[in-house]
Amino acid sequence: MEIDSLREAFDRVVEKRVLSSAKVQEAIGQIVNEVEQAISKMQMMNTDTMDSCDHSSILAELKAKLNEMVPLIQLEGCQKELNVALSKYLKLLEKSFSPDIAKAYRNVDYDACTVNNIITNHFYRQGLFDLGDSFVNECGESDETHLKFSFQEMYGILEAMQARNLEPALSWAAKNHDHLLQNSSMLEMKLHSLQFIEILTKRSRDDALQYARTHFVPFASLHTAEIQKLMACLIWADRLDQSPYAEFVSSTHWEKLAEELIHQFCSLLGQSRESPLGVAISAGFQGLPTLLKLSTVMAAKKQEWQTMKQLPVPIDIGPEFQYHSVFVCPVLREQSSEDNPPMLMPCGHAVSKQSIMKLSKSSSRPFKCPYCPLEAVASQCKQLQF
């Protein structure tokens, strides 16, 4: 991908700059050392007997040493390499970002109100409430303002957690207890566990035990092993960080819980974990170089790629942007599509619909599975959802 080439070129510029800077510092150090030695020689001589000839000879010796100094000669080479690397990087930047990106997207009609709602949603979910309000005032309409107060509540909980205050998070989890259970989330129990450890380390063993008796009972049937470990922490109250249960005092628990709270909070709001706008822009940025190159190639062939249902080349945008399973037919070695979905054979193996049509030769006669001795007919194969 071109973004990788840009990153590699940038890393080369940084490497050359660091090397050049080190050589410059070395040269300056040697120059300062030679000058200080020359000054010391002058100061050591008797000023009454020192004439202009002695003064000139010391300066001439200093000049000769500076001219013969190796680092000074090396500086020219290092600086030249840095300039070459920087020039290549600038040319690569110009090549990568100068094209007209309008060639890489389809000309489709879109609803301005929907786009405004997506942008507003992004600002609010990122905690940029003032910016979101300004955008709503400028565009004059938005259906996402009701989410502002929900996200304000979420960020209030997160700010409290950063201050090691779990009360707002515990209150929210208790209020949404049933919904969290439906999502198979252990967030509420994890929050109580962390609160238990905070009380144990900052207050007293008795207070922690009382907290456990009050709040752990509803979770006893599902989290017995976890509760047993927490109870064992009472024995090590004064030196928990040196105990077999030192993992409970790790600061990473706070970070992981904050991430899980964001995930569950957005889930209960019917929102995705990541900002749709942020995901779309990031994925588009990675796929843009390939699309631009495709548009150039197709234009040279006088073909229009925007009317195609499926792109003629794959676009690798990384696993973090893959939200749906991908099936590649082991027979045709092609990715499945709506027109060529995966099909499950009676033996349990899966191939694409086109493979089944070729194997059966579009008839009702039996054909052998490509992976086992069992036979099947096309009518016995069922389409899989993907």
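These values consider heavy atoms only, across backbone and side chains, with no hydrogens, waters or symmetry-generated copies.
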Undergrad: Identify the two heavy atoms, one from Ile356 and one from Met343, that lie closest to each other, and give their separation to 0.1 Å.
TA: CD1-CB, 3.3 Å

Undergrad: Please check: side-chain N/O of Asn165 versus main-chain N/O of Met161, any donor-acceptor pairing under 3.5 Å?
TA: no

Undergrad: Got a list of side-chain donor-acceptor pairs under 3.5 Å for residues 256-270, not counting sequence neighbours?
TA:
{"unit_1": "Glu260", "atom_1": "OE1", "unit_2": "Lys190", "atom_2": "NZ", "d": "3.0"}
{"unit_1": "Glu260", "atom_1": "OE2", "unit_2": "Ser185", "atom_2": "OG", "d": "3.4"}
{"unit_1": "Gln264", "atom_1": "OE1", "unit_2": "Asn183", "atom_2": "ND2", "d": "3.2"}

Undergrad: Tell me the side chain to side chain donor-acceptor pair (under 3.5 Å) pairs involving residues 228-244, sequence neighbours left out?
TA: none

Undergrad: Can you measure from NE2 (His179) to CD (Glu188) and round to the nearest 0.5 angstrom?
TA: 12.5 Å

Undergrad: Check step by step if ring pair (Phe, Tyr, Trp, His ring centres under 6.0 Å) holds for Phe151 and Phe129.
TA: CA-CA 9 Å; Phe151 284 121; Phe129 301 110; 7.7 Å; no

Undergrad: Within the structure provided, determine whether Ile197 and Cys233 are in side-chain contact (heavy-atom separation under 4.5 Å).
TA: yes

Undergrad: Specify the closest pair of heavy atoms between His122 and Gly278, including all atoms of both residues, with the distance to one decimal.
TA: ND1-N, 4.1 Å

Undergrad: Not counting sequence neighbours, which residues clear side-chain contact (heavy atoms from CB on, under 4.5 Å) with Leu131? List them please.
TA: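 Listed in chain order: Phe123, Leu128.
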
Undergrad: Run Leu332 and Gln354 through side chain to side chain contact (heavy atoms under 4.5 Å, CB included) and show every step you take.
TA: CA-CA 8 Å; Leu332 297 180; Gln354 289 181 4; 3.8 Å; yes

Undergrad: Distance check, rounded to the nearest 0.5 Å: Trp172 atom CH2 versus Lys175 atom NZ?
TA: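 So the CH2 of Trp172 and the NZ of Lys175 are separated by 9.0 Å.
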
Undergrad: Do Glu81 and Lys88 meet the salt-bridge criterion of a basic N to acidic O distance under 4.0 Å?
TA: no

Undergrad: Does the Gln25 side chain pair with the main chain of Ala22, one donor and one acceptor, at a distance under 3.5 Å?
TA: no

Undergrad: Would you indicate whether Arg365, at its atom CZ, is surrounded by more than 12 heavy atoms from other residues, nucleotides or ligands within a distance under 6.0 Å?
TA: yes

Undergrad: Taking side chain as C-beta onward, heavy atoms only, is Phe327 less than 4.5 Å from Cys329?
TA: yes

Undergrad: Listing request: all salt bridge (Lys or Arg N to Asp or Glu O under 4.0 Å) pairs with a residue in residues 118-134, at least two apart in sequence or in separate chains.
TA: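 Found Asp133-Lys148.
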
Undergrad: Please report the C-alpha distance between Asn83 and Gln79 in whole Å, then the side-chain angles of each, then the deciding distance to 0.1 Å, and finally whether the side chain to side chain contact (heavy atoms under 4.5 Å, CB included) criterion is met.
TA: CA-CA 6 Å; Asn83 291 336; Gln79 189 63 36; 3.4 Å; yes

Undergrad: If the condition is salt bridge (Lys or Arg N to Asp or Glu O under 4.0 Å), which residues does Glu8 pass it with, not counting sequence neighbours?
TA: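 Not a single residue meets the salt bridge (Lys or Arg N to Asp or Glu O under 4.0 Å) criterion with Glu8.
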
Undergrad: Supply the atom-to-atom distance Leu344 CG to Leu384 CG, rounded to the nearest 0.5 angstrom.
TA: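 The CG atom of Leu344 sits 5.0 Å away from the CG atom of Leu384.
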
Undergrad: Just to verify, what does Ala232 make a side-chain contact (heavy atoms from CB on, under 4.5 Å) with, not counting sequence neighbours?
TA: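 For Ala232 the side-chain contact (heavy atoms from CB on, under 4.5 Å) partners, ignoring immediate neighbours, are Tyr245.
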
Undergrad: Kindly compute the distance separating NZ (Lys368) from SG (Cys347), expressed to the nearest 0.5 Å.
TA: 11.5 Å

Undergrad: Once side-chain contact (heavy atoms from CB on, under 4.5 Å) is applied, do any residues pair with Ile39, and if so which ones, sequence neighbours excluded?
TA: Val35, Gln43

Undergrad: Could you check if a side-chain atom of Gln383 sits within less than 4.5 angstrom of a side-chain atom of Lys353, using non-hydrogen atoms only?
TA: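 No, side chains not in contact.
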
Undergrad: In terms of hydrophobic clustering (I, L, V, M, F, W, Y; side-chain heavy atoms under 4.5 Å; direct or indirect links), are Ile235 and Leu240 co-clustered?
TA: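 The answer is yes; both residues are in one hydrophobic cluster.
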
Undergrad: Among pairs that include at least one residue of residues 18-40, which meet ring pair (Phe, Tyr, Trp, His ring centres under 6.0 Å), considering only residues two or more places apart or in two chains?
TA: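 Counting only pairs at least two positions apart or across chains, no ring pair (Phe, Tyr, Trp, His ring centres under 6.0 Å) contact touches residues 18-40.
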
Undergrad: State, without any angle test, whether Gln335 and Asn340 hold a side-chain donor-acceptor pair at a distance under 3.5 Å.
TA: no

Undergrad: Under a 4.5 Å cut-off applied to non-hydrogen side-chain atoms, are Gln271 and Asn121 in contact?
TA: yes

Undergrad: Stepwise, does the side chain to side chain contact (heavy atoms under 4.5 Å, CB included) test hold for Leu191 with Phe196?
TA: CA-CA 9 Å; Leu191 289 170; Phe196 170 83; over 6 Å; no

Undergrad: Between Pro330 and Val351, is there a side-chain heavy-atom distance shorter than 4.5 Å?
TA: yes

Undergrad: May I have the step-by-step check of side chain to side chain contact (heavy atoms under 4.5 Å, CB included) for Ser275 and Gln126, ending in yes or no?
TA: CA-CA 8 Å; Ser275 167; Gln126 296 300 119; 4.0 Å; yes

Undergrad: According to a hydrophobic-cluster definition based on side-chain heavy atoms being under 4.5 Å apart (Ile, Leu, Val, Met, Phe, Trp, Tyr only), do Val14 and Leu19 belong together?
TA: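 In one cluster with Val14: Leu19, no.
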
Undergrad: Check whether any side-chain N or O of Thr224 sits under 3.5 Å from a backbone N or O of Ala220 as a donor-acceptor pair, and report yes or no.
TA: yes

Undergrad: Are side-chain heavy atoms of Phe248 and Leu230 found at a separation under 4.5 Å?
TA: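 Answer yes - side chains close enough.
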
Undergrad: In chain order, what residues pass the ring pair (Phe, Tyr, Trp, His ring centres under 6.0 Å) check against His349, with sequence neighbours excluded?
TA: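 His349 satisfies ring pair (Phe, Tyr, Trp, His ring centres under 6.0 Å) with Tyr371 once adjacent residues are dropped.
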
Undergrad: Same cluster or not: Met186 versus Leu194, using hydrophobic residues (I, L, V, M, F, W, Y) connected whenever any side-chain heavy atoms lie under 4.5 Å apart?
TA: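 No; tracing contacts between hydrophobic side chains, which count when under 4.5 Å, never links both residues.
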
Undergrad: Would a 4.5 Å heavy-atom cut-off, applied to side chains only, mark Phe216 and Met231 as touching?
TA: yes

Undergrad: What pairs with Lys80 under salt bridge (Lys or Arg N to Asp or Glu O under 4.0 Å), at least two apart in sequence or on another chain?
TA: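 Once residues adjacent in sequence are excluded, Lys80 has no partner under the salt bridge (Lys or Arg N to Asp or Glu O under 4.0 Å) criterion.
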
Undergrad: Who pairs with Asp111 by side chain to side chain donor-acceptor pair (under 3.5 Å), at least two apart in sequence or on another chain?
TA: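 Partners of Asp111 under the side chain to side chain donor-acceptor pair (under 3.5 Å) test: Thr114.
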
Undergrad: As an exercise, state the distance from OG of Ser355 to CZ of Phe367, rounded to the nearest 0.5 Å.
TA: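 Answer for the OG-CZ pair, Ser355 versus Phe367, is 9.5 Å.
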
Undergrad: At their closest point, which heavy atom of Leu92 faces which heavy atom of Ser5, and how far apart are they?
TA: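 The answer is CD2-O, 3.6 Å.
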
Undergrad: What's the shortest heavy-atom distance between Ser272 and Glu274, and which atoms?
TA: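 So the minimum-distance heavy-atom pair works out to OG-O, 2.6 Å.
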
Undergrad: Working to the nearest 0.5 Å, report the span between CG of Asn33 and CD1 of Ile28.
TA: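 Between atom CG of Asn33 and atom CD1 of Ile28 there are 13.5 Å.
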
Undergrad: Which heavy atom of Ala9 sits nearest a heavy atom of Tyr89, and at what distance?
TA: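 So the two residues come closest at CB-CD1, 3.6 Å.
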
Undergrad: Just by modelled atom types, is the Leu292 backbone N or O under 3.5 Å from a matching donor or acceptor in the Ser295 side chain?
TA: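 Looks like yes, one N/O pair under 3.5 Å.
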
Undergrad: Quick one: side chain to side chain donor-acceptor pair (under 3.5 Å) pairs with a partner in residues 191-206, sequence neighbours left out?
TA: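 For residues 191-206, and leaving out neighbouring residues, the side chain to side chain donor-acceptor pair (under 3.5 Å) pairs sorted by first residue read Glu167-Gln195, His192-Tyr211, Glu198-Lys202, Ser204-Asp207.
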
Undergrad: Does Ser352 reach the side chain of Ser336, with side-chain heavy atoms less than 4.5 Å apart?
TA: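 Sidechains of Ser336 and Ser352: no contact.
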
Undergrad: Quick check: is Leu93 connected to Val13 through a chain of hydrophobic side chains (ILVMFWY, heavy atoms under 4.5 Å apart)?
TA: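 Same hydrophobic cluster.
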
Undergrad: Would Leu187 and Leu181 show up in the same hydrophobic cluster when neighbours are defined by side-chain heavy atoms closer than 4.5 Å?
TA: no

